[in-house]
Amino acid sequence: QVQLTESGGGSVQAGGSLRLSCAASGRIYDGYSLAWFRQAPGKEREFVSAIGWTSEHLYYADTVKGRFTVSRDNAKNTASLQMDSLKPEDTAVYFCALDRSPTPTTSRDHYIYWGQGTQVTVSS
């Protein structure tokens with residue numbers, strides 16, 4: 001099994017920044033992709049960003065493009081999501097997800113391992 005643990009969530013005012021981290025452990029094999037999704041109260045879980053094994057493939061939702069930056073460290077089995085210029089509509093629980101394919105996808109259904117999530121709250 002694979003365990004994913006998110007950290008770095010919190011409360012911030014609009015315009016501020018947060019950096020989320022995701023640590024993967026367990027039966028980790030090279031060649032996996034990592035993604036970030038988020039879920040606001042009463043809404044479906046939505047794609048935020050994804051990064052492939054080599055970091056060559058980077059995907060962002062239009063709503064966060066230019067404000068969020070995804071990165072990873074394969075030696076440490078970690079990924080990060082730097083979130084700048086945060087807006088109240090970014091408020092959600094943020095989840096890290098893993099897919100064993102080296103090329104990432106934006107589809108929630110492709111990710112078989114999920115973390116428990118970390119809360120991000122942005123006040124106006």
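Since the structure is predicted, the reported quantities are computational estimates derived from the model, not experimental observations.
Here the closest heavy-atom approach between residue Y60 and residue T69 is recorded as OH-CA, 3.4 Å. Residue Y94 comes nearest to V48 through the heavy atom pair CE2-CG2, 4.3 Å, listed as atom of the first residue, atom of the second, then distance. Closest of all the heavy-atom pairs between A24 and L4 is CB-CD2, 3.6 Å. Contact record, L18 with G8: CD2-O, 3.9 Å, taken as the closest heavy-atom pair. Summarising the geometry of R19 relative to S71, their closest heavy-atom pair is NH2-OG, 3.9 Å, with the distance given to 0.1 Å. Across all their heavy atoms, A92 and Q119 have their closest contact at O-NE2, 3.5 Å.
Side-chain contact, D73 with T78: no donor N or O sits under 3.5 Å from an acceptor N or O. No hydrogens or angles considered: nothing links the side chains of Y32 and R100 as a donor-acceptor pair under 3.5 Å.
Looking only at side-chain heavy atoms (C-beta outward), R108 and W114 come within less than 4.5 Å of each other. Looking at heavy atoms from C-beta onward, V2 lies in side-chain contact with I28 at the 4.5 angstrom threshold. Side-chain contact check for K87 versus R67: some heavy-atom pair is nearer than 4.5 Å. Within the 4.5 Å cutoff, side-chain heavy atoms of L58 are placed close to those of V70. Taking 4.5 Å as the limit, some side-chain heavy atom of F68 sits within range of a side-chain heavy atom of L81.
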Q.
Please evaluate residues Q116 and F95 with respect to the criterion side chain to side chain contact (heavy atoms under 4.5 Å, CB included), reporting the C-alpha separation (whole Å), side-chain torsions for both, the decisive distance (0.1 Å), and the verdict.
A. CA-CA 7 Å; Q116 293 298 309; F95 297 90; 6.0 Å; no
Q.
Let's go through D99 and S33 carefully: what are the C-alpha distance in whole Å and the side-chain angles of both, what is the deciding distance for side-chain hydrogen bond (donor to acceptor under 3.5 Å, both in side chains) to 0.1 Å, and is it a yes or a no?
A. CA-CA 5 Å; D99 177 20; S33 295; 5.3 Å; no
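Side chain of Y111 to main chain of T105: a donor-acceptor pair is present (N/O by atom type, distance under 3.5 Å, no hydrogens or angles). Formation of a donor-acceptor pair under 3.5 Å by the E6 side chain with backbone atoms of C96 is found in this model. Using modelled atom types, no side-chain atom of R45 and backbone atom of R38 make a donor-acceptor pair closer than 3.5 Å. Not a single donor-acceptor pair under 3.5 Å links the side chain of S124 to the backbone N or O of P88.
Linking Ile, Leu, Val, Met, Phe, Trp and Tyr residues whenever their side-chain heavy atoms come within less than 4.5 Å places Y59 and F37 in a single cluster. By the criterion of side-chain heavy atoms lying less than 4.5 angstrom apart, applied directly or through intervening Ile, Leu, Val, Met, Phe, Trp or Tyr residues, W53 is grouped together with L34 in one hydrophobic cluster.
Atom OG of residue S21 and atom CD of residue Q82 lie 9.5 Å apart, to the nearest 0.5 angstrom. Considering OG1 of T91 and CG of L86, their distance stands at 8.5 Å, rounded to 0.5 Å. Atom CZ of R72 sits about 6.0 Å away from atom CD1 of I51, to the nearest 0.5 Å. The CD atom of Q3 sits 11.5 Å away from the CG atom of N77 when rounded to the nearest 0.5 Å. The NE2 atom of H110 sits 9.0 Å away from the OG atom of S101 when rounded to the nearest 0.5 Å.
The neighbour count for Q39 CD, taken as heavy atoms of other residues, nucleotides or ligands under 6.0 Å away, is above 12.
W36 and F47 have their aromatic ring centers separated by at least 6.0 angstrom.
Here D62 pairs with K65 in a salt bridge; the nearest charged N to carboxylate O distance falls below 4.0 Å.
In summary, of the residues considered (V120, V64, D90, V12), a side chain to side chain contact (heavy atoms under 4.5 Å, CB included) with M83 occurs for V120 alone.
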